Amino acid sequence: MEKRGVIDTWIDKHRSIYTAATRHAFVVSIRDGSVDLSSFRTWLGQDYLFVRGFVPFVASVLIRAGKESGESSDMEVVLGGMASLNDEIEWFKREASKWDVDFSTVVPQKANQEYTRFLEALMSSDVKYSVIMTAFWAIEAVYQESFAHCLEDGNKTPVELTGACHRWGNDGFKQYCSSVKNIAGRCLENASGEALAEAEDVFVRVIEHEVAFWEMSRGG
Ligand SMILES: Cc1ncc(CO)c(N)n1
């Protein structure tokens, strides 16, 4: 059994918003097959833009893992995440031609802009390593839990959407999220009360941005 840490207590404490992010109506509609394909296309274009903004964020996490972590494995975990982002961008481009979405004309919507701005603020050197790691974990975990749900028993996920679900819902990605969670948890064990409060706040804000991102996608 894995040890329950502060992150698990936050998930419990903020359960309703956490569930709103990981079982959003958009995700549930993928799982039950009722998804509106124009929503999926909106999500695809917006998430491609998001991921392009997420790369520099992960790069900043990588630099900090190299400099500030006492554990050499932190950098390797984040580097693995970087490598999968490289594949992800290629995947998005293949999906774009499959769904006839032209990324060059996609304009970031408000929820996307606000999320990207939030990530940019987290890249400041004033933000503590434990806080940035908590954010990084939460961002990845929402996608992992959401898309894994679309692959669980009883799903009616349309076959043309299973590629997206496997991308974030596969066991390797789950393992990777668990490694990031362990890093964040370890940092938080030694964190000051102030850092803990900041990390909890950032956790909730990530979840809120994720909910808004799904809402935007569903809105078409
Ligand atoms: C909005 C959003 N959150 C998380 C991820 C996971 O990388 C993603 N691709 N997009």
Side-chain angles (χ1 to χ4, degrees), residues 11 17-27 29-30 39-62 77-96 99 101 103 106-123 132-151 161 163-181 183-184 202-220:
I11 293 173
I17 177 98
Y18 191 74
T19 304
T22 55
R23 295 290 182 271
H24 190 272
F26 176 68
V27 169
S29 78
I30 293 176
S39 299
F40 184 78
R41 293 169 84 248
T42 299
W43 168 80
L44 189 75
Q46 293 296 319
D47 210 47
Y48 172 73
L49 296 184
F50 174 83
V51 167
R52 293 192 69 92
F54 188 48
V55 170
F57 173 79
V58 180
S60 86
V61 178
L62 181 68
V77 171
V78 183
L79 187 59
M82 263 312 220
S84 57
L85 280 173
N86 187 34
D87 289 348
E88 213 164 290
I89 288 188
E90 292 308 314
W91 175 83
F92 271 106
K93 290 184 189 162
R94 288 195 303 274
E95 287 288 299
W99 294 98
V101 173
F103 288 152
V106 177
V107 177
Q109 292 187 31
K110 185 163 166 280
N112 202 355
Q113 284 174 355
E114 287 175 355
Y115 202 175
T116 302
R117 227 177 287 135
F118 171 75
L119 292 187
E120 280 165 5
L122 286 176
M123 287 161 63
I132 196 169
M133 251 323 153
T134 302
F136 181 42
W137 163 74
I139 294 164
E140 299 287 50
V142 169
Y143 263 45
Q144 192 276 317
E145 290 205 30
S146 298
F147 285 110
H149 183 57
C150 299
L151 299 172
L161 303 187
C165 301
H166 279 289
R167 176 146 293 280
W168 291 279
N170 75 74
D171 283 343
F173 197 74
K174 182 176 183 171
Q175 229 1 86
Y176 155 71
C177 289
S178 160
S179 302
V180 177
K181 187 182 181 195
I183 295 172
V202 157
F203 162 70
V204 172
R205 285 169 65 197
V206 166
I207 304 304
E208 288 170 351
H209 281 295
E210 289 289 340
V211 172
F213 202 93
W214 293 133
E215 285 293 316
M216 167 194 73
S217 303
R218 192 171 56 152

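Fair warning: this is a prediction, and the values are worked out from it, not measured in the lab. Both ligands and their constituent atoms are indexed starting at 1 by order of listing. Along the sequence shown, residues carry numbers from 1.
- Here the heavy atom of the protein found nearest to atom 8 (C) of ligand 1 is Tyr143 CE2, 3.3 Å.
- Scanning the protein for heavy atoms near atom 6 (C) of ligand 1, the closest one is Glu140 OE1, 3.1 Å.
- Of the possible polar contacts, none joining the Asp47 side chain to the Leu44 backbone as a donor-acceptor pair under 3.5 Å is found.
- For Glu210 and Tyr115, the side-chain atoms include at least one donor-acceptor pair closer than 3.5 Å.
- With hydrogens and angles disregarded, a donor-acceptor distance shorter than 3.5 Å links the side chain of Ser29 to the backbone of Phe26.
- Contacts between Asp47 and ligand 1, counted as non-hydrogen atom pairs separated by less than 4.0 Å, involve the side chain only.
- The Trp168 neighbourhood of ligand 1 comprises atoms 6 (C), 7 (O), 9 (N), with distances under 4.0 Å to a heavy atom of that residue.
- Between the Gln46 side chain and the Ser217 main chain, no donor and acceptor come within less than 3.5 Å of each other.
- Of all protein heavy atoms, the one closest to atom 3 (N) of ligand 1 is Glu210 OE2, 2.6 Å.
- Residue-level proximity to ligand 1 for Val51 is carried by the side chain, the only part with a heavy atom below 4.0 angstrom.
- With respect to Glu114 and Lys110, a salt bridge is recorded, a charged nitrogen being found less than 4.0 Å from a carboxylate O.
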